[in-house]
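These notes are about the structure you will find just below.
What you see is a predicted model, and the numbers here were worked out from it, not measured in a lab.
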Amino acid sequence: MSLVSISLVLLVAFVVGMDGILDEWQVYQPMIACTLIGLATGNVGVGIMLGAILQMITIGWINIGASVAPDIALPAVVSALLVCGPAALSIKHGIALAVPFAVVGQLLNVTIRKSIVKFIHTADQAAENGQIQQIDRIHLLSLGIQGLRVLIPTGLVMLISPQFIHQLMQQIPAGITNGIAISIGMVSAVGFANLINMMVGRSLWIWFIVGFLIAIFTKMNLFILAGLGLVAAISFVWLKSRRHGSTGGDGEGKDDLDDFDKELDDL
């Protein structure tokens with residue numbers, strides 16, 4: 001890779017690591033992180049496909065109470081680098097490697113959280129003394145350490161020669177990688193089902209069925225289907241606001257809402 005690509009990858013890794021704990025920009029989400037790595041390495045199409053698959057896998061990974069879920073930021077960046085970068089691994093191998101990197105990222109995350117607890121006491125002391133700038137520096141330092149949590153492993157992976165990575169992957173039995181790919185595919189299906197369960201309503205099932213049938217019988221590109229869905233959603237919202245606007249104002253006609261309006265109100 002060129003010096004520009006290396007710098008961009010490391011920059012993305014650092015930002016993704018910070019956002020993985022900040023939850024501000026959602027850059028650490030695989031769909032975004034893998035796409036950015038794909039852009040940095042000049043292989044954006046593969047990055048988008050890998051990110052979409054990893055997104056479905058990690059959609060149910062959340063922190064509950066004091067338990068820390070498997071990390072999302074590190075596997076997204078490293079897997080995208082191995083797939084989109086000079087190693088050019090297959091998406092199947094990238095997905096298989098995402099799971100162990102998620103566990104490594106989880107361990108690093110827990111270790112860092114424990115080690116920076118002492119920063120809280122320093123911040124409390126600074127607050128008592130009215131040192132606001134000191135609190136800001138402590139906050140940025142904590143974020144910087146989280147950024148290094150992803151940047152340093154990414155840099156170490158970049159130092160490994162692509163030939164060695166391919167030799168290492170060839171030594172892994174095909175049954176293991178295929179088994180991991182199949183199990184991850186099942187996890188993706190569960191994640192997609194959870195997403196549908198959260199989003200879909202009684203009156204939205206018709207749209208889901210229509211989109212499913214269009215995808216099967218027309219074999220349209222995924223981006224074309226997404227564009228059609230966006231146009232349908234905008235038209236749906238516009239029609240809803242227009243309908244309610246025509247029955248609003250002085251209140252006349254509100255008792256004459258048809259079945260379509262009632263379905264929209266159920267959303």
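Smallest separation of non-hydrogen atoms from L54 and A76: CD1-CA, 4.3 Å. Here the closest non-hydrogen pair linking V12 and A33 is CG1-O, 4.5 Å. Across T58 and P30, no two heavy atoms sit closer than the pair OG1-CG, 3.6 Å. Considering every non-hydrogen atom in both M1 and L81, the closest pair reads CE-CD1, 4.1 Å. Nearest heavy atom pair, residue V150 against residue G17, reads CG2-CA, 3.5 Å. Nearest heavy atom pair, residue A73 against residue V16, reads CB-CG1, 3.4 Å.
Distance check: I48 CD1 to N43 CG gives 10.5 Å after rounding to the nearest 0.5 Å. With rounding to the nearest 0.5 angstrom, the CG atom of L225 is 6.0 Å from the OG1 atom of T218. The distance from atom CG of L36 to atom OG1 of T41, rounded to the nearest 0.5 Å, is 10.5 Å. The line from CG of D124 to CD1 of I138 is 9.0 Å long, rounded to the nearest 0.5 Å. With rounding to the nearest 0.5 angstrom, the CD1 atom of I37 is 8.0 Å from the SG atom of C84. In this structure, CG in L22 is found 6.0 Å from NE2 in H139, a value given to the nearest 0.5 Å.
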Where do D71 and Y28 land on the side-chain contact (heavy atoms from CB on, under 4.5 Å) test, with the steps shown first? CA-CA 10 Å; D71 185 45; Y28 71 97; over 6 Å; no

Go through it in stages, so that I can follow the logic: the residues are M169 and L97, the test is side-chain contact (heavy atoms from CB on, under 4.5 Å), and I'd like the CA-CA distance, side-chain angles, deciding distance and then a yes or no. CA-CA 10 Å; M169 295 305 299; L97 290 174; 4.0 Å; yes

side-chain contact (heavy atoms from CB on, under 4.5 Å) between I32 and Q55: does it pass, once the steps are laid out? CA-CA 9 Å; I32 301 178; Q55 189 70 59; over 6 Å; no

Test log, rule side-chain contact (heavy atoms from CB on, under 4.5 Å), inputs V231 and F236: CA-CA 8 Å; V231 172; F236 188 75; over 6 Å; no

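Hydrophobic clustering of Ile, Leu, Val, Met, Phe, Trp and Tyr side chains at less than 4.5 Å, counting indirect connections, keeps I145 apart from L143. Cluster annotation: V237 is not connected to I206 through the hydrophobic network of ILVMFWY side chains, with a link wherever side-chain heavy atoms come within less than 4.5 Å. By the criterion of side-chain heavy atoms lying less than 4.5 angstrom apart, applied directly or through intervening Ile, Leu, Val, Met, Phe, Trp or Tyr residues, F164 is grouped together with F101 in one hydrophobic cluster. Both L151 and I160 sit in one connected hydrophobic cluster of ILVMFWY residues. Membership requires side-chain heavy atoms under 4.5 Å apart, directly or through other members. Under the 4.5 Å side-chain contact rule for hydrophobic residues, L228 and V210 share a cluster.
A side-chain N or O of H93 and one of S90 form a donor-acceptor pair less than 3.5 Å apart. Using modelled atom types, one finds a donor on one side chain and an acceptor on the other under 3.5 Å when comparing Q29 with Q26.
Considering only heavy atoms from C-beta on, D19 stays 4.5 Å or farther from Q146 through its side chain. In this structure the side chain of P153 reaches within 4.5 angstrom of the side chain of L74, judged on heavy atoms.
Just one of I152, L148, T154 meets the side chain to side chain contact (heavy atoms under 4.5 Å, CB included) condition when paired with F14; it is L148. Partner of S79 under the side chain to side chain contact (heavy atoms under 4.5 Å, CB included) criterion, out of I91, L89, L50: L50 alone.
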